[in-house]
Amino acid sequence: VMASMAHLQKEKLRLQEELLEVQEKLAARENNELSLSLQLQGQVETLKGKLLEQAQEISRLRSELGGTDAEKHRDLLAAENERLRQEMKACEGELRELRRQQQQAPCRDCPHLQENAGLQEQLSQLQREAEETRAKLVELDLEVQQKTNRLAEVELRLKDSLAERAEEEERLSRRLRDSQETIASLKSQPQQIKYIIKTVEVESTKAKQALCETQSRNQYLQEQVGMQKQVLKEMEQQLQSSQKTEAQLRAQIMMYEAELERAHGQMLEEMQAMEEEKNRAIEEAFSRAQVEMKAVHENLAGVRTNLLTLQPALRTLTHDYNSLKRQVRDFPLLLQETLRSARAEISQAIEEVHSTNRELLRKYRRELQLRKKCHNELVRLKGNIRVFGRVRPITKEDGEGPEAANAVTFDADDDAVLHLLHKGKQVSFELDKVFPPQASQEEVFQEVQALVTSCIDGYNVCIFAYGQTGAGKTYTMEGTAANPGINQRALQLLFSEVRGKAADWDYTITVSAAEIYNEALRDLLGKEPQEKLEIKLCPDGSGQLYVPGLTEFRVQSVEDIKKVFEFGHVKRVTECTNLNEHSSRSHALLIVTVRGLDRSTGLRTTGKLNLVDLAGSERVGRSGAEGSRLREAQHINKSLSALGDVIYALRSRQGHVPFRNSKLTYLLQDSLSGDSKTLMMVQVSPAEKNTSETLCSLKFAERVRSVELGPVSRKAELGSWPSHEHLEVPKRLLGDSPGSAAPPGRGHASPSPGQLSSRSASIRRKLHTSG
Ligand code: ADP
Ligand code: MG
């Protein structure tokens, strides 16, 4: 029991604690509720205040109400009422919210519920009051309505009373008129009255009394009469004034009438004038209409005749139309027929064109061949090998004094002749053309360009610059940057020509550069410039030569060429310590290959343009040369002699041409033989000190040229090749010295009769016997 007691006690304590907790919570909630209800009360209070204000406003308005102002107030009130209603709705919403909160709250039995109920009651009461106010407002509305109605009634009555007043006035004026009439009648009455009085005086006292009365009455009446008279006078005055106004008015009326008369007269006149105008216009219109009518009649007649003529035209037209219709019907058939025949004709024509085309193409090919043949013939007649001379101007390097004097003169009439003063003797030379010192690079190139372009047609061309060092070989071939020589100009020309033919031909232009020094061939564009290249026979059996490993650059523009030149130049410079010296001891070659394909015929062409800046042709003193210098001189001498031999053999059409005697001629074999063309540009210095070298060069030039042309007339000069004889090169050139025999190689190289023209043979004979 004790244990259970203790347990119970403990339980009681726990419960008490719980109770305390709950009470605390309750107190907090009560506080909450209290503040909420306070808030609500405050709201209710403000609402009440507002209601009161409204009631006051209503009562104020009620007192002020009347007429249209009342309506305005009513509108105001209605607006206010609406606003209040909304506020009320909002309050109701709040209330509902609060109620919901309260329902959620756990305390159902708290005293605030009662308070709340009270408040609700109050609220409902307030609502009721508001309802009442609304009812009152409606009542007031009604009242306002009634009042306006009443106002309308009053207005109506006012109108009635005004009408009554007007009637009254009318009646009074009528009475006035009546009284005036009475006065007028009374005026005529007094005589009768006097007479009565006399009779009555005589008759009785009673009558006297009556008379007295009558007299007083009379008095009154007279007063009345006086008054009436006065009124009358006034009336008369009024009458007079009104008569005056009447007269005035009449005068005015007269005036107006006169005015009216005048206006009427004017109007009549105007009407008259208008009438006349109208008549005139009508007449005019009539006459015009008559004229027009006549014209129309005439037109009508014309139209009628036209119609008569048109009828047959119409008939023919319809006929035509019918025939056309028929034609149209037949047209498709006709068209088909025509088309068929046209097609046949066209195909036939095409066939014909095709055949003519074929024929033309055949003829064209034949013409091409013929042209080439003719060209070859022409070149043969002119000589495949041409020799030009170019004299450079005297330069500063020539120095001054008698050594630098000019020793070369020209013929004014013949641009192929040049005179050299040597050791006091004038020697004349005739070449194919001579360029004086003032000839420009362009002028020189103009003479060369035909040769260059023939390379596009598939010819091989060689241009050599020959002469002693310092005579202008490099200037002619390379030129300067500002004034380029044949090399650059030739390539530029080739580009422009190829571009012009691009419609039918495909061309590729390639460039190689090589140098021959001491009989060794080196590639100037290759990676290994020191490497010695070999010239070999083409393995394809065509008999053509080629240089394995020789670099070929494909060039497409002037820029490309410039690059190639620069490249080659740099190579040469880096390889040599003294370029000038070296270049004068070596042959520099620029080999341009032009390969073409005629797209229409499939024809292929290959032309080679070899531009050679030869080594200096000057002779080295017999005693002065030693070692490498001598070796160089020997090589140069050998190769130049070989070139002379080859050209000679070619021009004299010998069976054997000693191409293999030097690297240069061997390399250029293709470009020197066959229908190839060769130009030897012999460069000379005009300076007095160079005359012996100049003489040698010119002799070489003339020798080369004279082989075929006019041997008889120039026999005297046909002495020898420029004397390379002081070196060990075998003297195997013709006419070198009288009685010298032809070299052993010549024997078997003599031309077969078919190869050599009889003219060349005679020249050879003459050359053999000359000197
Ligand atoms: P080469 O190559 O034969 O040794 P160059 O071409 O080097 O001779 O010419 C030697 C000098 O003469 C150069 O300074 C060159 O500019 C000049 N020269 C040569 N020919 C002419 C010319 N036709 N007009 C002007 N100067 C020239
Ligand atoms: Mg040079």
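Each ligand, and each atom within it, is numbered from 1 in the order the structure gives.
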Testing the 3.5 Å rule here: is there a donor-acceptor pair between the side chains of His422 and Ser692? no

Would you please determine whether [X] falls within less than 4.0 Å of ligand 1 on a heavy-atom basis?
X: Ala471; answer: yes
X: Ser584; answer: no
X: Glu478; answer: no

Report yes if [X] has an N/O atom closer than 3.5 Å to an N/O atom of ligand 1; otherwise report no.
X: Val391; result: no
X: Tyr475; result: yes
X: Arg392; result: no
X: Thr395; result: no

Should you measure from each heavy atom of [X], which atoms of ligand 1 turn up under 4.0 Å away?
X: Lys473; result: 1 (P), 2 (O), 3 (O), 4 (O), 6 (O), 8 (O)
X: Thr469; result: 4 (O)
X: Gln468; result: 3 (O)
X: Pro393; result: 21 (C), 22 (C), 23 (N), 24 (N), 25 (C)

Kindly identify the option in Gly485, Ser685, Gly472 whose heavy atom sits closest to atom 5 (P) of ligand 1. Gly472

So, does Asp414 use its side chain to make a donor-acceptor pair with the main chain of Ala416 at under 3.5 Å? yes

Are Asn406 and Val408 close enough that some pair of their side-chain heavy atoms sits under 4.5 Å apart? yes

Do the side chains of Val434 and Phe429 get nearer than 4.5 Å, heavy atoms only? no

Record the part of Arg390 in heavy-atom contact with ligand 1 below 4.0 Å; permitted values are side chain, backbone, both and neither. side chain

Salt bridge check: are Arg392 and Asp398 linked by an N-O gap of less than 4.0 Å? yes

Which donor-acceptor pairs under 3.5 Å do side chains of residues 500-507 form with protein atoms, sequence neighbours excluded?
| from | atom 1 | to | atom 2 | distance (Å) |
| --- | --- | --- | --- | --- |
| Asp506 | OD1 | Arg599 | NH1 | 2.2 |
| Asp506 | OD2 | Arg599 | NH1 | 3.2 |

Taking atom CD of Glu400 as the centre, does the number of heavy atoms from other residues, nucleotides or ligands within less than 6.0 Å exceed 12? no

Any N/O/S atom, side chain or main chain, of Tyr475 closer to the Mg ion (ligand 2) than 2.8 Å? no

Parallel, tilted or perpendicular for Phe700 and Tyr466, by the 30°/60° rule? parallel

Listed once per pair and sorted, the side-chain hydrogen bond (donor to acceptor under 3.5 Å, both in side chains) pairs that draw on residues 486-495, sequence neighbours left out: Glu442-Arg489, Asn483-Arg489

